[in-house]
Amino acid sequence: MIQKTILAVLVTLFSYTAFATPTKVMVRAKAKDAKFIGNSIGGAYIIIRNQLTGEVLSQGKTSGGTGNTTLIMKTPRKRNVRITDDKTSGFLAELDISEPVFVTIEVFAPVNKKQATVNASTALWIIPGKDILGDGIVIEIPGFVVDILTPRTHQFISLKALDKKSIAVQSNIVMMCGCTISDGGLWDANLIEVKGILKKDGAKIDEINLMVNSPNLFEGTINIDTTGSYELVVYAYHPTTGNTGVDKVNYIITP
């Protein structure tokens, strides 16, 4: 009986491997209104699952560069013309499938920036032996990466020591691919609304504008006249593209 069971399992495995066909699928994550998410910002994490069973068929991180700026951002798009090359960031999945499989492709990007990571997905049929290469499957990732630099998380700041009873606010903001935001640049800081919202004991008490000082660096000043626990929320918003990004920090003003 045991021998028959083992034989049946071996026959099943042999049948699967005999008919399974290696199939390649290129998956890329592209920042909305920007370039591809690659090594320079830590990449995007890709998971391909059989939608029916939930089985993970392939997973891994994108690798490569952000792509050709002129081709991606400045050249009018024509049908069936690639915007990527062999150096452009992507994840090449190699699936062994014996029949068409309906899959879900999930993307987490940029994977190393947890407060900014977007989870986006799509679904499609993968057919044995029918590779999806070239630009491949491109999943758009909206948003900005916002990092508050000052004040620091849980920083204790003495009210007596504050010059003019104010503290400086600094935030680093980049596109989701890490592309530079600057004054008058390709990603123009002047077209992005960046504000800081100050809360004390959970209630909003002030709102300030943050202006670009150097590439990616936005600055402003908050007036402080009482001690207590504060929360600062910094957001970036581009009204044309709809890209948004947020970071939060809590700090304490002591006597």
Would you say [X] and [Y] are hydrophobically clustered, going by side-chain heavy atoms of ILVMFWY under 4.5 Å?
X    : Y    : answer
V234 : V118 : no
F218 : F144 : yes
L210 : I167 : yes
I252 : V169 : no
I208 : I205 : yes

Quick one: are [X] and [Y] in side-chain contact, heavy atoms under 4.5 Å?
X    : Y    : value
P255 : S158 : no
L191 : H238 : yes
T254 : T227 : no
L186 : K74  : yes
E219 : L217 : yes
V194 : N209 : no
Y45  : V107 : no
I46  : Q59  : no

Say you draw a straight line from [atom1] of [X] to [atom2] of [Y]; how long is it, rounded to the nearest 0.5 Å?
X    : Y    : atom1 : atom2 : answer
I173 : Y235 : CD1   : OH    : 11.0 Å
K130 : I97  : NZ    : CD1   : 11.0 Å
N80  : K78  : CG    : NZ    : 12.5 Å
M176 : E140 : CE    : CD    : 10.5 Å
L57  : N50  : CG    : CG    : 5.5 Å
L149 : N216 : CG    : CG    : 10.5 Å

Practice problem: Not counting sequence neighbours, which residues clear salt bridge (Lys or Arg N to Asp or Glu O under 4.0 Å) with K32? List them please. | Solution: none
Quiz item: Side chains of N190 and D183: is there a donor and an acceptor less than 3.5 Å apart?
Solution: yes
Quiz item: Does the side chain of T226 pick up a donor-acceptor pair with the side chain of Y230 at under 3.5 Å?
Solution: yes
Can you tell me which residue pairs pass the salt bridge (charged side-chain N to carboxylate O under 4.0 Å, His left out) test with a partner in [range], sequence neighbours excluded?
range            : value
residues 236-253 : none
residues 82-94   : R82-D135
residues 97-124  : R49-E106, K113-D147

Ignoring hydrogens, what is the shortest heavy-atom contact between [X] and [Y]? Give both atom names and the distance.
X    : Y    : result
S121 : T104 : CB-CG2, 4.4 Å
I72  : I83  : CG1-O, 3.7 Å
T84  : G134 : OG1-O, 3.9 Å
I48  : A93  : CD1-CB, 3.5 Å
I41  : P110 : CG2-CB, 4.0 Å
A29  : A109 : CB-CB, 4.5 Å

Quiz item: Is the count of non-hydrogen atoms from other residues, nucleotides or ligands lying under 6.0 Å from K199 atom NZ greater than 12?
Solution: no
Do [X] side-chain atoms and [Y] backbone N/O form a donor-acceptor pair below 3.5 Å?
X    : Y    : answer
W187 : D33  : yes
S166 : D163 : yes
T53  : E55  : yes
N39  : G64  : yes
T62  : A44  : yes
T23  : G129 : yes
K61  : G42  : yes
K30  : A34  : yes
R28  : I139 : no
Q115 : V146 : yes

Quiz prompt | Step-by-step side-chain contact (heavy atoms from CB on, under 4.5 Å) determination, I137 to I105 | solution = CA-CA 9 Å; I137 298 166; I105 300 178; 3.6 Å; yes
Exercise. Starting from the C-alpha separation in whole Å, work towards a yes-or-no answer on side-chain contact (heavy atoms from CB on, under 4.5 Å) for L159 and K165.
Key: CA-CA 7 Å; L159 185 62; K165 296 297 183 289; 3.7 Å; yes
Practice problem: With sequence neighbours left out, write down each residue that passes side chain to side chain donor-acceptor pair (under 3.5 Å) with T69, or none if nothing qualifies. | Solution: K35
Exercise. Tell me, with the steps shown, if L124 and V103 meet side-chain contact (heavy atoms from CB on, under 4.5 Å).
Key: CA-CA 6 Å; L124 72 156; V103 303; 4.0 Å; yes
Quiz item: Among L232, T150, T153, which residue meets the side-chain contact (heavy atoms from CB on, under 4.5 Å) test with Y251?
Solution: L232
Practice problem: In sequence, state the C-alpha distance, the side-chain angles, and the governing distance for Y237 and N243, and then conclude on side-chain contact (heavy atoms from CB on, under 4.5 Å). | Solution: CA-CA 6 Å; Y237 166 65; N243 276 329; over 6 Å; no
Quiz item: In the hydrophobic cluster built from side-chain contacts under 4.5 Å, what are the other members alongside L133?
Solution: M26, L92
